[in-house]
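Proteins get letters first, then strands, A, B, ... in listed order; numbering begins at 1 in each.
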Amino acid sequence: MNKSFYTRDSLIVARELLGKEIVYKDKEALIVETEAYTTNDPGSHAYKKRTKRNSVMYEEGGRLYVYLCYGMYNLMNIVTDKKGVPSAVLIRAVEPLNFEAKTNGPGLLTKALGISREHNGLEIGKEFMIKKGIKPRVVVQTTRVGLSRGSELPYRFYIKDNPYISRK
DNA sequence: TCAATGATTGAG
DNA sequence: TCAATCATTGAG
């Protein structure tokens with residue numbers, strides 16, 4: 001993907017990431033579910049202020065933001081928008097193409113791909129790449145999952161009827 | 001320092 | 001419905 005793909009509003013990027021192909025080392029997977037996190041979003045890590053953890057969200061789009069949640073799961077985000085604008089897109093689920101693994105949840109897909117906090121801030125386009133994949137038939141936009149604040153915002157996108165989307 | 005908590009998951 | 005489990009955060 002071109003760098004200008006990432007430097008747009010996270011809602012647009014979240015929508016357009018669906019159906020794209022992740023290539024990391026020898027693994028390939030299609031993105032089937034995403035969530036957008038924007039400025040002035042009560043559910044975003046960067047809602048209140050900049051901290052050591054969320055500082056990569058303030059960088060220019062086209063990087064990874066990875067952090068540990070609940071003490072056991074690495075969640076992977078793609079940083080979006082221009083430098084100084086804290087926003088990102090959480091990758092919630094992918095469809096594995098050339099391997100077998102459970103990937104129907106944000107903590108599971110990072111485990112399956114081998115993504116961890118060491119990848120925080122990594123530039124997309126080297127070891128970790130995103131390529132043009134398929135064109136999703138039907139995209140659903142709905143409310144987000146698992147948040148205590150800001151859960152009412154319809155910032156979640158997924159490919160309709162895909163068996164790999166999260167949430168039971 | 002220290003206690004609270006969370007963009008989750010799998011088991012009961 | 002609940003516990004596992006720990007980096008990050010904000011208060012003391």
Side-chain angles (χ1 to χ4, degrees), chain A residues 6 8-20 22 24 27 29-81 84-96 99-122 124 128 130 136 139-160 162-168:
Chain A
Y6 305 104
R8 296 176 296 165
D9 191 283
S10 60
L11 286 171
I12 298 171
V13 180
R15 168 71 176 72
E16 296 194 8
L17 274 175
L18 294 177
K20 293 288 183 294
I22 290 178
Y24 176 64
K27 301 229 175 64
L30 289 182
I31 299 173
V32 298
E33 183 179 352
T34 61
E35 279 182 10
Y37 289 86
T38 68
T39 39
N40 298 325
D41 174 357
S44 169
H45 285 165
Y47 177 53
K48 284 185 193 284
K49 62 182 183 183
R50 181 170 184 153
T51 65
K52 196 172 182 180
R53 178 177 62 169
N54 66 32
S55 63
V56 63
M57 291 180 77
Y58 288 78
E59 291 300 317
E60 189 173 40
R63 289 167 177 275
L64 296 186
Y65 169 43
V66 187
Y67 85 102
L68 187 68
C69 187
Y70 297 114
M72 27 172 66
Y73 297 106
N74 293 299
L75 303 205
M76 179 176 70
N77 299 247
I78 291 173
V79 178
T80 61
D81 220 312
V85 182
S87 63
V89 175
L90 171 69
I91 308 302
R92 286 196 59 85
V94 300
E95 174 180 340
F99 62 99
E100 290 289 329
K102 285 195 72 172
T103 57
N104 56 319
L108 297 175
L109 74 92
T110 53
K111 193 176 162 193
L113 287 173
I115 301 292
S116 69
R117 285 191 335 292
E118 298 148 34
H119 300 77
N120 190 36
L122 185 74
I124 297 170
F128 185 100
I130 294 183
V139 172
V140 179
Q141 177 172 5
T142 181
T143 53
R144 293 180 296 188
V145 173
L147 300 183
S148 55
R149 293 184 298 272
S151 57
E152 73 286 357
L153 295 170
Y155 288 177
R156 177 175 174 229
F157 300 86
Y158 63 89
I159 298 178
K160 187 174 165 57
N162 188 290
Y164 294 93
I165 61 175
S166 67
R167 216 59 181 180
K168 315 137 199 183

Task: Aromatic ring pairing Tyr67(A)/His45(A), orientation class (parallel under 30°, perpendicular over 60°, tilted between) - done: perpendicular
Open item on the list: Under 4.0 Å between a side-chain nitrogen and a carboxylate oxygen: does that hold for Arg144(A) and Glu152(A)?
Closed with: no
Task: Nearest-Å distance for atom pair CZ/P, residues Arg144(A) and dT8(B) - done: 11 Å
- [ ] Using a 4.0 Å heavy-atom cut-off across all strands, classify Tyr47(A) as base, sugar-phosphate, or nothing.
- [x] nothing
Open item on the list: Is there a side-chain hydrogen bond (donor to acceptor under 3.5 Å, both in side chains) between Ser10(A) and Thr38(A)? Walk through the geometry before answering.
Closed with: CA-CA 6 Å; Ser10(A) 60; Thr38(A) 68; 5.4 Å; no
Task: d(OH, Tyr67(A); P, dT8(B)) in whole Å - done: 7 Å
Task: Asp9(A)/Arg15(A) salt bridge by N-O under 4.0 Å criterion - done: no
- [ ] Establish, with yes or no, whether the OP1 or OP2 oxygen of dC6(C) is under 4.0 angstrom from a side-chain nitrogen or oxygen of Arg117(A).
- [x] no
- [ ] Verify the stacking flag for Tyr37(A) against dA7(B): centroid separation must be under 5.5 angstrom and the ring planes must differ by under 30 degrees.
- [x] yes
- [ ] Kindly confirm whether the side-chain ring of Tyr73(A) is stacked on the base of dT8(B), judged by centres under 5.5 Å and planes under 30°.
- [x] no
Open item on the list: Given 3.5 Å as the limit, does a donor-acceptor pair link the side chain of Glu35(A) with the main chain of Phe157(A), or not?
Closed with: no
- [ ] Select base, sugar-phosphate, or nothing to describe what Gly146(A) touches, counting heavy atoms under 4.0 Å on all strands.
- [x] sugar-phosphate
TODO: Look through every strand shown and name the nucleotide pairing with dA7(B) as Watson-Crick or G-U wobble, where both distances are under 3.5 Å.
DONE: none
- [ ] Could you check which of dT8(C), dG6(B), dC6(C) has an atom nearest any side-chain atom of Ser148(A)?
- [x] dG6(B)
Open item on the list: From the set dT9(B), dA7(B), dT9(C), return the single nucleotide nearest to any side-chain atom of Tyr65(A).
Closed with: dA7(B)
Open item on the list: Quick check for you: among dT5(C), dG6(B), dT9(C), whose closest atom lies nearest to any side-chain atom of Thr51(A)?
Closed with: dT9(C)
- [ ] Let me know the distance between CG of Leu147(A) and C1' of dA7(B), rounded to the nearest Å.
- [x] 5 Å
Open item on the list: At a heavy-atom distance below 4.0 Å, what parts of residues 106-113 of chain A sit against DNA chain B?
Closed with: Pro106(A), Gly107(A), Leu108(A)
- [ ] Answer yes if the side chains of Thr142(A) and Arg156(A) hold a donor-acceptor pair under 3.5 Å, and no otherwise.
- [x] no
Open item on the list: Without decimals, in angstroms, what is the distance between Arg53(A) CZ and dT5(B) P?
Closed with: 15 Å
Open item on the list: Can you work out whether Met72(A) or Lys49(A) has the more 5'-proximal nearest nucleotide on DNA chain C?
Closed with: Met72(A)
TODO: For Ser44(A) and Tyr37(A), work out which heavy atoms get closest and say how close.
DONE: CA-CD2, 3.8 Å
Task: Whole-Å gap separating C1' (dC6(C)) and CG (Asn74(A)) - done: 11 Å
Task: Atom C1', compared across dC2(C) and dT5(B): separation rounded to whole Å - done: 16 Å
Open item on the list: I need the NE2-P distance between His45(A) and dA7(B), as an integer number of Å.
Closed with: 5 Å
TODO: Measure from CG on Asn120(A) to C1' on dA7(C) and round the result to the nearest Å.
DONE: 12 Å
Open item on the list: Tell me the interatomic distance from Ile165(A), atom CD1, to dT9(B), atom P, rounded to whole angstroms.
Closed with: 13 Å
TODO: First locate atom CD1 of Ile165(A), then atom NZ of Lys160(A), and finally report the distance between them rounded to the nearest 0.5 Å.
DONE: 9.0 Å
- [ ] Hunt down the Watson-Crick or G-U wobble partner of dT5(C), both distances under 3.5 Å, from any strand shown, or write none.
- [x] none
